[in-house]
Asks: 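Take this structure, written in structure tokens, and hold onto it; I'll ask about it next.
Protein chains get the first letters and strands the later ones, always in sequence-line order, with residue 1 at the start of each.
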2 protein chains.
Amino acid sequence: MRKTPPEIPDVILNRLPLYYKHLKKIKNKNIEYISSEELAKHTGFSSSLIRKDLNYFGTFGKKSYGYDVSCLCRQIQLIMGMHISKTLIIIGAGNMGQALAFNSGLNERGYKLKALFDVKVDLIGKSINGSPILSTEELIPFIKKEDIDIAILTVPSEVAQEITDIIIRANIKGIWDFTEIPLKVPDHVFLEEQHINEGLCKLSYKLFQNHPY
Amino acid sequence: MRKTPPEIPDVILNRLPLYYKHLKKIKNKNIEYISSEELAKHTGFSSSLIRKDLNYFGTFGKKSYGYDVSCLCRQIQLIMGMHISKTLIIIGAGNMGQALAFNSGLNERGYKLKALFDVKVDLIGKSINGSPILSTEELIPFIKKEDIDIAILTVPSEVAQEITDIIIRANIKGIWDFTEIPLKVPDHVFLEEQHINEGLCKLSYKLFQNHPY
DNA sequence: CTCCAAAAGATAATAATTTCACAATATTTA
DNA sequence: TAAATATTGTGAAATTATTATCTTTTGGAG
Ligand SMILES: NC(=O)c1ccc[n+]([C@@H]2O[C@H](COP(=O)([O-])OP(=O)(O)OC[C@H]3O[C@@H](n4cnc5c(N)ncnc54)[C@H](O)[C@@H]3O)[C@@H](O)[C@H]2O)c1
Ligand SMILES: NC(=O)c1ccc[n+]([C@@H]2O[C@H](COP(=O)([O-])OP(=O)(O)OC[C@H]3O[C@@H](n4cnc5c(N)ncnc54)[C@H](O)[C@@H]3O)[C@@H](O)[C@H]2O)c1
């Protein structure tokens with residue numbers, strides 16, 4: 001039933017996790033089947049867009065019935081590779097780094113947090129939510145030895161590029177960046193920039209777009 | 001020089017903060033003028049797209065010269081309403097809530113954090129980065145008295161809708177939601193959902209899209 | 001002072017995304 | 001068992017977004 005997807009447009013990859021989020025909520029209400037029309041009401045996307053998006057990956061629906069909620073959840077998990085075990089480190093064990101060490105979304109998506117890294121001596125040696133905080137000096141050997149897939153970057157923005165260059169030398173595969181300054185990475189490294197304050201910008205814009213300035 | 005913008009497409013509102021981010025970085029290097037072509041190299045967007053986006057809001061460039069970096073930064077700040085003072089509370093003073101209380105992006109964008117709220121008695125009375133943690137019982141009177149514009153929601157997902165309904169009754173204007181379950185809000189309330197784990201989904205997808213599953 | 005080059009701004013062309021509309025098919029009911 | 005109904009999957013049409021091209025303006029070189 002699943003297709004081998006061609007190049008998937010980014011807009012679709014952005015919507016998929018949102019479908020997933022809503023489907024989980026629907027599943028929790030013990031609703032077994034849902035039509036694209038109903039899901040459209042929940043998500044705010046049009047029903048035909050939803051059907052089209054899903055059909056990129058396969059035919060998951062049942063005519064005259066709709067979609068099996070659990071089954072669709074599972075399919076999206078598979079598409080997103082949530083069942084594949086991935087290794088992870090957090091660099092910068094400050095406010096954001098420590099908060100993310102408690103992010104239950106990591107486990108749910110197949111990530112295993114192996115360690116946090118910091119330069120502060122009073123942090124090194126402690127452990128957060130079961131993961132040790134190590135010295136950044138151990139960064140390169142650790143990435144190599146533990147074959148780390150992804151690094152979460154929560155260091156101060158000023159040192160972000162410096163750290164990035166280091167972990168790239170250690171052959172990191174992907175970077176999830178929370179810092180405020182844009183990073184340069186080579187093409188073979190996947191970079192996902194988490195522009196947190198962008199959401200805030202949109203909120204202010206929308207709240208005050210009709211106001212004088 | 002500034003136009004009164006018509007309805008701005010969302011794609012442009014998403015890019016504007018990214019332009020801002022790159023311009024700040026460029027400004028820090030003491031570069032005074034930048035051409036759309038140069039900015040394109042930095043941001044990854046095409047030069048004509050950048051020019052087009054900016055022209056939605058006014059004519060900020062100087063022919064044969066490019067854009068004055070400081071001036072363009074300032075213009076984007078104005079467009080985004082960063083100069084307008086806005087009041088803010090954080091509901092849920094856990095890991096994420098406390099981390100966000102240290103988010104310097106808040107001040108930079110004109111937000112004044114007035115308080116955090118929680119139900120845990122051992123948190124209430126403490127203060128984080130200069131803002132007090134109050135009991136959720138004070139939520140409604142506080143929002144009304146202090147005329148709070150925006151609430152950051154960092155409570156457990158299970159209670160998110162319940163809290164949302166409360167703050168809407170207290171006439172909150174906007175909600176910046178970090179929880180994992182989609183919220184229902186009336187049309188007059190601006191909701192910005194911060195789908196943090198979406199970025200993670202995209203990373204896994206891209207790392208493993210060619211792998212068997 | 002005139003010409004040349006650079007780069008914005010405007011317009012036209014192309015490409016991507018979304019919606020529309022309907023045929024195909026499964027389920028339910030009579 | 002046949003007709004009625006629901007709802008998917010999908011090609012075509014419409015819309016929206018992006019890129020390419022052209023025109024205009026400005027600053028600087030000669
Ligand atoms: N806190 C937020 O809400 C928030 C929001 C948006 C973006 N960010 C960004 O996230 C990043 C972290 O923010 P934060 O609030 O957690 O800051 P923080 O200062 O609390 O944490 C940064 C940590 O990085 C450590 N560090 C410094 N240099 C290091 C190095 N070379 N190697 C390893 N670790 C190093 C510090 O010791 C500190 O523990 C910043 O870039 C910030 O701009 C934070
Ligand atoms: N930690 C992360 O990295 C992360 C990532 C993505 C999303 N989130 C989401 O952000 C939210 C908060 O996450 P967290 O890690 O900070 O959790 P947390 O448990 O550390 O914090 C939640 C806080 O909310 C408080 N709380 C509970 N019920 C409340 C109520 N009715 N009113 C006010 N406060 C209440 C709790 O006492 C606690 O202090 C969750 O919904 C989580 O799914 C967190």
Asks: Which part of the nucleic acid, if any, lies within contact of Ser48(B), taking any heavy atom under 4.0 Å across all strands shown: a base, the sugar-phosphate backbone alone, or nothing?
Replies: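 The answer is base, as Ser48(B) lies within the cut-off (heavy atoms under 4.0 Å) of a base atom.
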Asks: Not counting sequence neighbours, which residues clear salt bridge (Lys or Arg N to Asp or Glu O under 4.0 Å) with Arg109(B)? List them please.
Replies: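 So Arg109(B) forms no salt bridge (Lys or Arg N to Asp or Glu O under 4.0 Å) with any residue.
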Asks: Quick one: list whatever passes salt bridge (Lys or Arg N to Asp or Glu O under 4.0 Å) with Glu38(B), sequence neighbours left out.
Replies: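 Only Lys41(B) meet the salt bridge (Lys or Arg N to Asp or Glu O under 4.0 Å) criterion with Glu38(B).
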Asks: Between dT16(D) atom C1' and Asp53(B) atom CG, what is the distance in whole Å?
Replies: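 That distance rounds to 13 Å.
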Asks: Taking the side chain as every heavy atom from C-beta outward, state whether Ile175(A) and Phe190(A) have any atom pair closer than 4.5 Å.
Replies: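 Counting from C-beta outward, Ile175(A) and Phe190(A) never come under 4.5 Å.
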Asks: Rounded to whole Å, please give me the gap between CZ in Phe45(B) and C1' in dA16(C).
Replies: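 Computing the Phe45(B):CZ to dA16(C):C1' distance gives 16 Å.
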Asks: For Lys52(B) and dT21(D), what is the distance between atoms NZ and C1' respectively, to the nearest whole Å?
Replies: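 Rounding to the nearest Å, NZ of Lys52(B) and C1' of dT21(D) are 12 Å apart.
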Asks: Give the rounded distance in Å between these two atoms: CD1 of Ile50(A) and P of dT17(C).
Replies: 17 Å
Asks: Tell me the interatomic distance from Leu13(A), atom CG, to dA16(C), atom P, rounded to whole angstroms.
Replies: 15 Å
Asks: Which whole-number value in Å describes the distance from Ile12(A) CD1 to dT18(C) P?
Replies: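 One finds 8 Å between P of dT18(C) and CD1 of Ile12(A), rounded.
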Asks: Given atom CG of Asn14(A) and atom P of dT18(C), what is their separation to the nearest angstrom?
Replies: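 After rounding, the reported distance stands at 10 Å.
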Asks: Taking only N/O atoms, report every protein-nucleotides 6-9 of chain C pair under 3.5 Å with atom names and distance.
Replies:
residue, atom, partner, partner atom, Å
dA7(C), O4', Ser64(B), N, 3.3
dA8(C), OP1, Ser36(B), N, 2.8
dA8(C), OP2, Ser36(B), OG, 2.6
dG9(C), OP1, Gly61(B), N, 3.1
dG9(C), OP2, Tyr67(B), OH, 2.9
dG9(C), N7, Arg51(B), NE, 2.9
dG9(C), O6, Arg51(B), NH2, 3.3

Asks: Quick one: list whatever passes salt bridge (Lys or Arg N to Asp or Glu O under 4.0 Å) with Asp187(A), sequence neighbours left out.
Replies: none
Asks: Measure CG/Leu49(B) against C1'/dT14(C) and give the value in whole Å, please.
Replies: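 Going from Leu49(B) (CG) to dT14(C) (C1'), I get 14 Å.
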Asks: Who passes side-chain contact (heavy atoms from CB on, under 4.5 Å) against Phe45(B), sequence neighbours left out?
Replies: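 Partners of Phe45(B) by the side-chain contact (heavy atoms from CB on, under 4.5 Å) criterion, ordered by chain and then number, come out as Arg15(B), Leu18(B), Tyr19(B), Thr43(B), Leu49(B), Ile50(B).
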Asks: The criterion is ring-ring contact (aromatic ring centres under 6.0 Å, His included); which residues satisfy it with Tyr67(A), sequence neighbours excluded?
Replies: none
